[in-house]
Number of protein chains: 2
Amino acid sequence: MHASFHPDYNPLIRKLESVFPLTDEERQALEDLPMQVAVLKDHQDIVREGDRPSRSCLILSGFACVYKMTAHGKRQIVSFAIAGDIPDLQSLHLKVLDTSVSTISTCRVGFIQHEVLRDICARYPRIGAAFWREALIDAAIFREWVMNVGQREGVSRLAHLLCELVVRLRAVDLVEDHVCDLPITQTEFADALGFSPVHVNRVLQQMRAEGLIETKGTRLRIPDWDKLKEVGEFDPTYLHLESNQAAA
Amino acid sequence: MHASFHPDYNPLIRKLESVFPLTDEERQALEDLPMQVAVLKDHQDIVREGDRPSRSCLILSGFACVYKMTAHGKRQIVSFAIAGDIPDLQSLHLKVLDTSVSTISTCRVGFIQHEVLRDICARYPRIGAAFWREALIDAAIFREWVMNVGQREGVSRLAHLLCELVVRLRAVDLVEDHVCDLPITQTEFADALGFSPVHVNRVLQQMRAEGLIETKGTRLRIPDWDKLKEVGEFDPTYLHLESNQAAA
DNA sequence: CGAAATCTTGAGTATAATCAAAAACGGTGG
DNA sequence: CCACCGTTTTTGATTATACTCAAGATTTCG
């Protein structure tokens, strides 16, 4: 685990600025946020269920996932974390973690001590409020996932997940020309959707055949966003994006 | 909608006291909490997806559920709300509701203006913190539901849900001698579990045959809690109950 | 270039959905 | 108290979606 201090750029700042314009003071406080930055290889646990962490992790780049294991060893991914996300923010208020967080691709991760987070929330209430907002939006995403896994099947279920990922990636400028990098394996999609890997493969093939997606390695292209949205019954309201981002 | 002021008893107080002992001042503030109390018949919407409410609803008695509808009209229940729960607390910070809340049985509901909630959070920070804690626990419950619906099948899936309900009901003293009143129809269980009503019926029969549950009308009895827990792979960590409640 | 991981294909099976209808239950009014 | 209505639960038969197992092809990466 290679560690250094102060990253080149902090995607958290961009994310918060999409909600409200930061004052110079607030921006400076976020830029100076003391955090330990580490580069983690793919498929490494960052924190584990049962841990009682004294810090939270900010994803600076790469893909991570939040997951739980059943007693019989089956894995359920309950959300994907991308740049700007703090997938274990709740550990600030709930002592014991009820989920694990793992990298999917190589990730730059910033570890921020809880006391530092508490301090910045106290000193800059708007930032504190933004963190809470994020936590509530996370909950809204989990609700949507319950519905997706519970009610949609095959193409529709996967389409919905892809729509969510694309919208969230677009919000942090990781989509260009309907193309994004999605280093998620079919097995990982399976664990997120409650499908078997074989079934994911067959659903993907059907989606390609129907012109809903095009893939080339880890690149994903959406030739017809409206069609994908319709097939996935995707309504981005639950992501609670402000203003213009939700569109298109 | 019959309305009056000040309920006989406020289950919110009991719930908060299970987390930390309230000061007299805090308890008084909660007892004097201005809210409009209404008695709603079963299967009535309290709030709807898309609403922009200026108040939140506290369930004083009865069963309610939080649900979403797919574009094709299928309903997913994403959580059940019991006495002491505020199923739309997030509307305090997220303007647009992404879920609907509906009664399951007859409910006494207290509507509390957002400004009142904001005021009490500002004046009694520990109460504010407790509300946030509740919101984070809700999110943990949604995560567990994703796993339950995604990874468990048949008996195991339903057993897990029953375990959660019993533990939560016990926390507000609604379980006596392993018996509780559960006015949830098989169709509602189906909407919560991602099953068809017919399948729920068959799973229930299997559970009765295996001695996991006994039912009589809306009364549910758990003859062997440990067995039910094991079949449902139930680990109450995610409910983040304090102290003694999680046991047994 | 070779090994490991990932993706793909095929065949057989299982869990759960759908459809349809009958039985049981719960509340209401006569 | 009983007859009646709507709702909920139950049953049977058929179908569909998705799983499992197993093997082969392809890609990725050192």
Side-chain angles (χ1 to χ4, degrees), chain A residues 41-44 63 65 70 72-77 102-106 148-161 181-209 213-220 231, chain B residues 41-44 63 65 70 72-77 102-106 148-161 181-209 213-220 231:
Chain A
K41 284 199 289 248
D42 54 342
H43 306 110
Q44 308 262 308
F63 275 69
C65 68
T70 69
H72 287 334
K74 302 214 262 176
R75 180 170 81 150
Q76 175 71 46
I77 292 176
S102 157
T103 61
I104 284 182
S105 62
T106 300
N148 198 36
V149 173
Q151 301 296 337
R152 297 197 188 94
E153 58 191 32
V155 171
S156 176
R157 191 134 124 207
L158 180 47
H160 189 281
L161 174 56
D181 188 52
L182 218 54
I184 301 175
T185 66
Q186 294 182 3
T187 299
E188 284 155 351
F189 276 121
D191 287 344
L193 295 167
F195 285 156
S196 69
V198 172
H199 191 54
V200 168
N201 182 275
R202 286 173 174 140
V203 170
L204 278 170
Q205 287 179 58
Q206 193 184 335
M207 291 180 75
R208 287 185 206 115
I213 56 168
E214 293 167 14
T215 58
K216 191 176 176 184
T218 62
R219 312 280 305 160
L220 170 74
V231 168
Chain B
K41 283 199 289 246
D42 54 343
H43 306 111
Q44 308 263 308
F63 275 68
C65 69
T70 68
H72 288 334
K74 300 214 262 176
R75 180 171 81 150
Q76 175 71 46
I77 292 177
S102 157
T103 61
I104 283 182
S105 61
T106 301
N148 199 35
V149 173
Q151 301 297 336
R152 296 199 189 93
E153 58 190 30
V155 171
S156 175
R157 190 135 124 207
L158 180 47
H160 188 281
L161 174 57
D181 188 53
L182 217 55
I184 302 175
T185 65
Q186 294 182 6
T187 298
E188 283 154 352
F189 275 122
D191 287 345
L193 294 168
F195 285 154
S196 68
V198 172
H199 192 54
V200 168
N201 183 274
R202 286 172 175 142
V203 170
L204 278 171
Q205 288 180 57
Q206 194 184 334
M207 291 180 73
R208 285 190 279 247
I213 57 169
E214 293 167 12
T215 59
K216 191 175 177 183
T218 61
R219 311 285 297 164
L220 170 74
V231 168

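Reminder, nothing fancy here: chain letters follow the sequence lines and each chain counts from 1.
Annotation for B:C65 and B:I104: closest pair CB-CD1, 3.7 Å, computed over non-hydrogen atoms. Between B:M207 and B:V155, the closest heavy-atom pair is CG-CG1, 3.7 Å. Of all heavy-atom pairs between A:S105 and A:T103, the closest is O-CB, 3.4 Å.
Applying the 4.0 Å criterion to OP1 and OP2 of C:dT9, one finds that A:Q205 has a side-chain N or O inside that range. In this structure, A:R208 reaches the C:dT8 phosphate: one of its side-chain N or O atoms is under 4.0 Å from OP1 or OP2.
Per the geometry, CG belonging to A:D191 stands 14 Å off C1' belonging to C:dT6, to the nearest Å. When the P atom of C:dA17 is taken as reference, atom CD of A:Q151 falls 10 Å away, rounded to whole Å. One can place CD1 of A:I184 at 16 Å from C1' of C:dC7, the figure rounded to the nearest angstrom. A:L204 places its CG atom 12 Å from the C1' atom of C:dT6, with the value rounded to the nearest Å. Atom C1' of nucleotide C:dA16 and atom CZ of B:F195 are separated by 8 Å, given to the nearest angstrom. If you measure from atom CZ of B:R219 to atom P of C:dG26, you get 13 Å, rounded to the nearest angstrom. Protein atom CD of A:E153 is 10 Å distant from nucleotide atom P of C:dA17, rounded to whole Å. In this structure, the NZ atom of B:K216 is 15 Å from the C1' atom of C:dG26, given to the nearest Å.
Of the two residues contacting DNA chain C, namely B:T218 and B:P197, the nearest-nucleotide position lying further toward the 5' end is that of B:P197. Residue order along DNA chain D, read from the 5' end via each residue's closest nucleotide, puts B:N201 first among A:K74 and B:N201. Between B:E188 and B:V198, the one whose closest nucleotide on DNA chain D sits nearer the 5' end is B:E188.
The closest side-chain heavy-atom distance from B:F63 to B:D42 is not below 4.5 Å. In this structure, the side chains of A:E188 and A:S102 stay at 4.5 Å or more apart for every pair of heavy atoms.
Judged as a salt bridge (Lys or Arg N to Asp or Glu O under 4.0 Å), and not counting sequence neighbours, the contacts of B:E214 are B:R221.
Using a 4.0 Å heavy-atom distance criterion, A:S196 is classed as a base contact.
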- B:R152 vs A:T70, side chain to side chain donor-acceptor pair (under 3.5 Å): CA-CA, chis, key distance, verdict: CA-CA 8 Å; B:R152 296 199 189 93; A:T70 69; 5.9 Å; no
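Protein chain B touches strand DNA chain D; the 5'-most and 3'-most nucleotides with an atom under 4.0 angstrom of its non-hydrogen atoms are D:dT8 to D:dA13.
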